[in-house]
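Keep in mind the model is a prediction, meaning the values are calculated, not measured. Proteins come first, then strands; the chains are lettered A, B, ... in the order of their sequence lines, and each starts at number 1.
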Amino acid sequence: MKILAIDTSCDETAVAVTEDAKVLSNIIWSQASAHAKFGGVMPSLAQRMHEERIDFVIQRALENGKWQMENLDSITVTVGPGLSIALGVGVNKARQLATKYKKPLIAVNHIEGHLFSSLARPNNSKLQTTNHKLNLEFPAYGLVVSGGNTLFILIEKVGKYKVLAETQDDALGEALDKGARMLGLGYPGGAILEKMARLHNVSARQTGFQLPIPLVGQEKRQIFSYSGLKTSFYRLIQKYPPKNKQDICNLAAVFQDVAFAHIERILSYYFSNHPFTHSTNQLLLGGGVAANIELRKRLRKLCRKHNLKLHTPYSNRLYGDNAAMIGVAAYLNQNFVNPKEIDRIPNLKLA
Amino acid sequence: MQIIKTDGNSIDKAVEILKRGGLVIYPTETLYGIGADATNPKAIKKLTQYKERPFGKPYSIAVADQKMAEEYAEINSTAKNLYKQFLPGPLTIISKGKGKVAPGVESEDGALGIRIPDYKLIRDIIKAFKKPITSTSANASYKKRPYKVSDILENISKKQESLIDLIIDGGKLPKNDPSTVIDTTLDDMVTLRQGKIKFNKENEILSKSEEATQNLAKEIWQKYERHQGKRSIVFALEGSMGTGKTQFTKGLAGAMGIEETITSPTYNLLHTYDYKNKKSSAISHELFHFDAWRMLDGEELRNLDFENIIKNKGVISIEWAERVSDIIKEFDDEAIIIWIKIKFGKAENERVISWGNI
């Protein structure tokens with residue numbers, strides 16, 4: 001099934017062409033890189049920017065005529081969750097195209113996209129793309145860690161999800177961005193924090209800087225929380241103002257270490273206490289923060305310990321917000337909607 | 001339309017036009033106001049046409065003295081104290097109206113805002129007219145505050161201009177803030193808008209936990225919730241990273257009866273939460289939770305439909321409000337804006353929280 005997929009849920013204007021789980025093109029107009037020069041502030045008018053760019057990005061995704069709208073099987077778009085005005089641009093465009101070319105329209109939940117991003121396959125993949133050949137059977141676990149989401153999920157089957165743990169305040173990506181900001185690093189901070197953290201000269205836990213892991217001893221509650229970590233980090237920086245670059249690197253390493261340890265502990269508690277409950281040995285990882293090498297390393301270790309297979313996206317362009325993952329989710333879920341009835345749902349829930 | 005200077009003849013001329021149901025633009029100690037006979041329905045209709053504002057938003061009135069105020073509203077002891085201390089002056093006092101003004105002047109629940117301008121010529125005009133006149137700024141809704149006649153004329157349409165009967169040109173006025181609005185219809189005095197007068201000394205508490213911050217939000221909500229559905233209520237939260245702005249909003253949402261988990265809207269810029277509004281017939285039944293951390297300036301807030309949310313009398317919480325304060329302040333006569341500042345205290349979990357309508 002050949003699909004034109006659109007995602008304008010927040011900052012990125014993203015369009016892709018997918019065939020089943022294969023990614024034929026995946027164009028992302030990211031605002032983040034342009035924004036770095038603004039010293040950490042996202043410049044204005046996400047909506048207007050989407051509107052200005054969407055046609056151009058669609059053209060690019062169609063590779064200037066390599067794929068014709070007429071030859072596609074359907075159109076899909078993210079309807080939520082996200083920023084209402086931004087979502088509206090993608091939804092309107094998808095409705096317009098579906099009506100004009102008389103194509104069926106599929107509505108996708110953005111988080112579902114991240115959840116299945118690890119199932120996307122490169123164009124040259126020899127693998128068949130059915131669930132069976134992907135060597136994946138449901139149920140499976142899912143972990144989505146991004147700027148806006150921190151969700152640990154049980155995928156009972158495609159379309160049926162149970163949230164096992166979610167954040168009560170900041171998302172992991174947001175916490176990393178803010179930690180970076182407290183250290184005076186730029187935007188997007190999480191990525192820079194990762195680079196700085198790699199340059200720490202002693203092991204994170206031996207830097208002399210101490211930060212408490214959030215909710216230690218409260219893993220049973222099965223929630224994520226980063227508000228307390230921000231406070232502790234603020235106090236730590238007050239107490240030990242970084243004197244040189246090495247201090248900043250060490251502080252970045254400590255912050256990242258603790259932020260990830262929190263995720264590990266919540267997941268580890270769950271796996272230890274529900275070893276055979278769901279007869280699954282799969283964990284699907286997605287979201288912008290999953291691009292962090294240190295996090296993946298730790299999750300791989302965690303999965304080995306609990307006999308799980310970790311699935312990660314094959315390309316860096318599938319971690320952050322993108323439309324290829326929306327195309328894959330649309331292929332799997334096939335939630336067809338009438339173009340007259342499709343609407344954005346800014347606070348759409350997964351389960 | 002006629003423009004005259006503030007000389008002796010202006011009183012007679014103004015009174016003549018007010019009697020005919022006309023509109024008069026006049027200088028005050030704050031900014032240029034536009035006056036119509038507050039008891040004449042036709043004059044009020046004309047004024048609403050000029051202001052291009054939605055029906056249902058009340059007008060304050062200007063009176064010559066407290067005696068005239070008492071004819072039109074019930075001036076209770078709190079109000080009397082304020083009259084004595086601050087009037088004439090840049091203070092609008094809301095009292096329970098007696099229903100003696102034209103429809104649309106009092107609010108839907110019968111409250112009437114009254115002020116006595118600290119500008120002798122205007123008090124003389126009202127005295128000679130023997131009735132109150134409206135006291136609303138001479139700009140159309142959402143337009144620049146007028147400190148000189150050209151501020152008005154340059155920002156209105158030909159049609160609006162044709163509705164003005166007289167302008168009393170008092171020259172360029174000092175850039176004072178609009179008047180402070182104080183509601184005295186409650187036992188507990190509530191400041192709706194803080195203009196020039198620094199009113200209550202700022203409220204301040206020391207919060208020692210996230211729960212205490214949430215409880216404070218609940219208390220502040222209970223103080224303002226009766227305005228729900230009548231005006232937009234904006235909680236403008238200031239404070240650096242990790243001070244607990246989202247915690248405050250959690251408390252607010254809890255007090256409003258929202259059961260969903262409130263998470264930080266930093267990434268999405270805006271989260272909305274439905275709630276059941278037991279106490280009023282508000283158009284909006286959503287809590288709008290904004291985060292301006294990633295916004296470059298107030299224009300982004302405007303782009304997120306902020307103006308419509310205010311017009312629909314929504315309840316709003318804005319984190320990093322200081323980043324977009326220019327836009328928030330534009331709506332200070334439309335909405336009740338409560339500024340909340342949170343700072344780190346001495347101990348790990350201590351926060352110093354102060355609030356008010358500064």
Side-chain angles (χ1 to χ4, degrees), chain A residues 9-11 31-32 35 38-49 80-87 110 146-150 166-171 173-175 177-179 181-182 187-188 212 223-238 288 321 346-347 349, chain B residues 209-210 213-214 239-250 258 260-274 286-306 308-309 319-320 323-324 327 342-351:
Chain A
S9 57
C10 198
D11 293 341
Q31 304 187 9
H35 294 169
F38 287 85
V41 184
M42 194 60 67
S44 49
L45 312 180
Q47 175 197 27
R48 212 189 64 207
M49 288 185 159
L83 179 63
S84 182
I85 54 160
L87 288 165
H110 182 77
S146 64
N149 297 288
T150 307
E166 64 187 317
T167 185
Q168 301 298 298
D169 34 64
D170 292 6
E174 177 187 344
D177 282 342
K178 289 185 170 172
R181 188 61 179 258
M182 287 185 192
Y187 191 95
I223 52 173
F224 301 114
S225 170
Y226 286 103
S227 62
L229 181 59
K230 277 189 300 189
T231 301
S232 314
F233 199 49
Y234 169 82
R235 299 289 185 189
L236 183 67
I237 294 172
Q238 291 287 304
D321 291 350
N347 43 15
K349 298 278 179 283
Chain B
S209 66
E210 291 180 344
T213 298
Q214 293 180 15
S240 56
M241 220 158 259
T243 46
K245 298 178 291 297
T246 301
Q247 294 302 328
F248 185 95
T249 309
K250 274 178 188 280
I258 294 167
E260 265 179 274
T261 305
I262 303 296
T263 56
S264 165
T266 293
Y267 188 73
N268 274 342
L269 310 178
L270 169 63
H271 286 166
T272 57
Y273 301 92
D274 292 332
E286 281 172 302
L287 167 66
F288 296 86
H289 186 190
F290 287 94
D291 190 317
W293 187 54
R294 301 200 306 140
M295 294 184 193
L296 186 63
D297 57 33
E299 282 308 307
E300 281 199 78
L301 187 61
R302 210 193 283 286
N303 202 47
L304 294 175
D305 224 15
F306 189 66
N308 267 323
I309 294 168
E319 302 194 17
W320 299 94
R323 302 184 70 94
V324 291
I327 301 297
I342 315 179
K343 286 181 188 146
F344 284 107
K346 287 198 183 82
E348 168 100 13
N349 287 318
E350 280 183 4
R351 303 288 189 275

Interface moiety of [X] toward chain B, non-hydrogen atoms closer than 4.5 Å:
X	result
A/Asn347	side chain
A/Ser232	both
A/Gln168	both

Spell out, as yes or no, whether a donor-acceptor pair under 3.5 Å connects the side chain of A/Thr231 to the backbone of B/Gly242.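 Here the side-chain-to-backbone pair exists.
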With only heavy atoms counted, which part of B/Ile262 is less than 4.5 Å from chain A, the side chain, the backbone, both or neither?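 It is the backbone, since no side chain atom gets that close.
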Pick one of side chain, backbone, both or neither for B/Thr272, based on which atoms fall under 4.5 Å of a heavy atom in chain A.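 Both parts, heavy atoms under 4.5 Å.
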For B/Lys343, does the NZ atom sit with more than 12 other heavy atoms under 6.0 Å from it, leaving out its own atoms?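 Not more than 12 within 6.0 Å, no.
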For the student: nearest non-hydrogen atoms of [X] and [Y], plus distance:
X	Y	value
B/Tyr267	A/Gly147	CB-O, 3.4 Å
A/Arg235	B/Glu350	NH2-O, 3.6 Å
B/Ser264	A/Asp170	CB-OD1, 3.2 Å

Under a 4.5 Å cut-off applied to non-hydrogen side-chain atoms, are [X] and [Y] in contact?
X	Y	value
B/Asn303	A/Ile85	yes
B/Thr263	A/Thr150	no
A/Arg181	B/Trp293	yes
A/Ser227	B/Lys250	no

About how many Å separate OG of A/Ser84 and CG of B/Leu304, when rounded to the nearest 0.5 Å?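 Going from CG on B/Leu304 over to OG on A/Ser84, the span is 9.0 Å.
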